[in-house]
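Source: prediction; values computed, not measured.
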Amino acid sequence: MKIGIIGAGNIGGNLTRRLTALGHEVSVANSRGPETLKALAEETGATPVTSAEAARGADVVVVTVPLKAVPALPSGLLDGAADGVAVIDTGNYYPQQRDGRIAAIEDGLPESRWTEQQIGHPVIKAFNGTYAQDILDKGLPRGAAGRQALPVAGDDSAAKQTVRDLIDELGFDTVDAGGIDESWRQQPGTPVYGNRGDAAAIEKALAEASPERTAEFRA
């Protein structure tokens, strides 16, 4: 597939490494410009581009930037993407640690619903509670005992299936975490956030989540 990755931090960088190794055609962008991605491009064979170019022709776009940076992404970011593009949101709201106060999220809007509103396109929430190093190290073949599972939330069933298939290819099981209105179940401070369990453990953790945001993750 043709995959655009916007954000070359820990998650974005390691997804670039794994997805290129699997044979996907990856374009990667960051906020500082393609020239700053030369080392990652040389390591992986990915194509460094601007954020405005990352989604061009892409079947999958990964938005993996700090939440506070989402409103600054280029207008019409997804206009040139392939029909039916699946947009993965890996973001988390860290008001005290990084992002500052976002009133709508404080008032209860799920983080990924807010991101959808900023970029004007539905998203699939995945990888937000995943340790970046695990993307490189923890993948196992399908059916392997103890295979780590990731929760995946989204309203578009076809896009969600594309993302789940991609995660399976990376070596992880998935658990359907419901629609974006239910995606608070995997936000920071919930039992599933940072959980390295198998599918049964992830299902249990999602069921035990509370919509009450913990103090650490409130402004």
Handout entry: Note, Arg185 side chain near Val192 side chain (heavy atom, < 4.5 Å)
Key = no
Distance-only check: which donor-acceptor pairs under 3.5 Å involve side-chain atoms of residues 211-219, not counting sequence neighbours?
{"residue": "Arg213", "atom": "NH1", "partner": "Glu111", "partner atom": "OE2", "Å": "3.0"}
{"residue": "Arg213", "atom": "NH2", "partner": "Glu111", "partner atom": "OE2", "Å": "3.4"}
{"residue": "Arg218", "atom": "NH1", "partner": "Arg213", "partner atom": "O", "Å": "2.4"}

Problem - Close side-chain approach of Thr47 to Val26, heavy-atom, < 4.5 Å - result: no
Exercise for the section: Kindly determine whether Lys138 and Thr130 satisfy side-chain contact (heavy atoms from CB on, under 4.5 Å), including the steps that lead there. Expected result: CA-CA 11 Å; Lys138 299 292 188 184; Thr130 307; over 6 Å; no
Practice task
Could you tell me whether a side-chain N or O of Asn14 sits under 3.5 Å from a main-chain N or O of Ile135, the two making a donor and an acceptor?
Solution key: no
Considering only distance and modelled atom types, tabulate donor-acceptor pairs under 3.5 Å from the side chains of residues 172-179, sequence neighbours left out.
{"residue": "Asp173", "atom": "OD1", "partner": "Arg147", "partner atom": "NH1", "Å": "2.7"}
{"residue": "Thr174", "atom": "OG1", "partner": "Arg164", "partner atom": "NE", "Å": "2.7"}
{"residue": "Thr174", "atom": "OG1", "partner": "Arg164", "partner atom": "NH2", "Å": "3.3"}
{"residue": "Asp176", "atom": "OD1", "partner": "Lys160", "partner atom": "NZ", "Å": "2.6"}
{"residue": "Asp176", "atom": "OD1", "partner": "Gly178", "partner atom": "N", "Å": "2.9"}
{"residue": "Asp176", "atom": "OD2", "partner": "Lys160", "partner atom": "NZ", "Å": "3.3"}

Handout entry: Beyond-backbone contact of Ile105 with Leu67, side-chain heavy atoms, under 4.5 angstrom
Key = yes
Fill in the blank from the handout: Using a 4.5 Å side-chain heavy-atom cut-off and chaining through intermediate ILVMFWY residues, the residues clustered with Leu140 come out as none
Problem - Main-chain N/O of Lys68 paired to Asp99 side chain as donor or acceptor, under 3.5 Å - result: yes
Exercise for the section: Treating Ile, Leu, Val, Met, Phe, Trp and Tyr as nodes and any side-chain heavy-atom pair under 4.5 angstrom as an edge, say whether Val62 and Ile167 lie in one connected cluster. Expected result: yes
Exercise for the section: Looking only at non-hydrogen atoms, find the nearest pair between Val163 and Ala126 and report the distance. Expected result: CG1-CB, 4.2 Å
Problem - Side chain proximity check, Thr162 to Met1, heavy atoms < 4.5 angstrom - result: yes
Practice task
Answer whether the closest heavy-atom distance between the side chains of Trp114 and Ile180 falls below 4.5 Å.
Solution key: no
Exercise for the section: Measure the spacing between CG of Asp155 and OG of Ser183 and express it to the nearest 0.5 Å. Expected result: 8.5 Å
Practice task
Could you tell me whether a side-chain N or O of Glu116 sits under 3.5 Å from a main-chain N or O of His121, the two making a donor and an acceptor?
Solution key: no
Practice task
Find out if a path of hydrophobic residues (ILVMFWY) with successive side-chain heavy-atom gaps under 4.5 Å connects Val65 to Val123.
Solution key: yes
Problem - Side chain to side chain, Glu43 and Leu40, heavy atoms closer than 4.5 Å - result: yes
Problem - Set of residues satisfying salt bridge (Lys or Arg N to Asp or Glu O under 4.0 Å) with respect to Arg101, sequence neighbours excluded - result: none
Exercise for the section: Quick one: pull up CZ in Arg113 and CD in Gln118 and give me the separation to the nearest 0.5 Å. Expected result: 13.0 Å
Handout entry: Donor-acceptor pair between Glu53 and Thr50 side chains, under 3.5 angstrom
Key = yes
Practice task
Mind checking the OG-CG spacing from Ser27 to Leu37? Nearest 0.5 Å is all I need.
Solution key: 11.0 Å
Exercise for the section: Could you tell me whether Asp181 atom CG has more than 12 heavy atoms of other residues or ligands within 6.0 Å of it? Expected result: yes
Problem - Stepwise side-chain contact (heavy atoms from CB on, under 4.5 Å) check, Arg196 with Asp134 - result: CA-CA 9 Å; Arg196 286 174 157 138; Asp134 287 358; 2.7 Å; yes
Practice task
Check whether Phe127 and Val63 end up in the same hydrophobic cluster, where Ile, Leu, Val, Met, Phe, Trp and Tyr are linked by side-chain heavy atoms less than 4.5 Å apart.
Solution key: no
What donor-acceptor contacts under 3.5 angstrom involve side-chain atoms of residues 69-82, with partners at least two apart or in another chain?
none

Practice task
Take Val49 and Val28 through the side-chain contact (heavy atoms from CB on, under 4.5 Å) test and state the conclusion after the steps.
Solution key: CA-CA 6 Å; Val49 295; Val28 60; over 6 Å; no
Completion exercise
Here the gap from Leu170 atom CG to Leu150 atom CG, rounded to the nearest 0.5 Å, amounts to 9.0 Å
Fill in the blank from the handout: Closest non-hydrogen atoms of Ile124 and Gly154, given as atom of the first, atom of the second and distance, are CD1-CA, 3.8 Å
Practice task
Spell out, as yes or no, whether a donor-acceptor pair under 3.5 Å connects the side chain of Asn30 to the backbone of Gly33.
Solution key: yes
Completion exercise
Here the gap from Leu15 atom CG to Ile3 atom CD1, rounded to the nearest 0.5 Å, amounts to 8.5 Å
Exercise for the section: State, yes or no, whether a side-chain contact exists between Gln133 and Asn10 at a heavy-atom distance under 4.5 Å. Expected result: no
Handout entry: Short side-chain to backbone donor-acceptor contact, His24 and Leu19, under 3.5 Å
Key = no
Exercise for the section: Show the numbers, then the answer: is there a salt bridge (charged side-chain N to carboxylate O under 4.0 Å, His left out) between Asp198 and Lys204? Expected result: CA-CA 10 Å; Asp198 62 9; Lys204 181 173 185 288; over 6 Å; no
Return all side-chain donor-acceptor pairs below 3.5 angstrom for residues 85-94, not counting sequence neighbours, or 'none' if the list is empty.
{"residue": "Asp89", "atom": "OD1", "partner": "Gly91", "partner atom": "N", "Å": "2.9"}
{"residue": "Asp89", "atom": "OD2", "partner": "Ser112", "partner atom": "OG", "Å": "2.6"}
{"residue": "Thr90", "atom": "OG1", "partner": "Thr64", "partner atom": "OG1", "Å": "2.8"}
{"residue": "Asn92", "atom": "OD1", "partner": "Asn128", "partner atom": "ND2", "Å": "2.9"}
{"residue": "Asn92", "atom": "ND2", "partner": "Tyr94", "partner atom": "OH", "Å": "3.2"}
{"residue": "Asn92", "atom": "ND2", "partner": "Asn128", "partner atom": "O", "Å": "2.7"}
{"residue": "Tyr93", "atom": "OH", "partner": "Ile102", "partner atom": "N", "Å": "3.0"}
{"residue": "Tyr93", "atom": "OH", "partner": "Glu106", "partner atom": "OE2", "Å": "2.7"}
{"residue": "Tyr94", "atom": "OH", "partner": "Tyr193", "partner atom": "OH", "Å": "2.4"}

Handout entry: Val152 vs Lys125 side-chain heavy atoms within contact, under 4.5 Å
Key = no
Fill in the blank from the handout: Between Ala54 and Ala29 the two heavy atoms that sit nearest each other are CB-CB, 4.1 Å
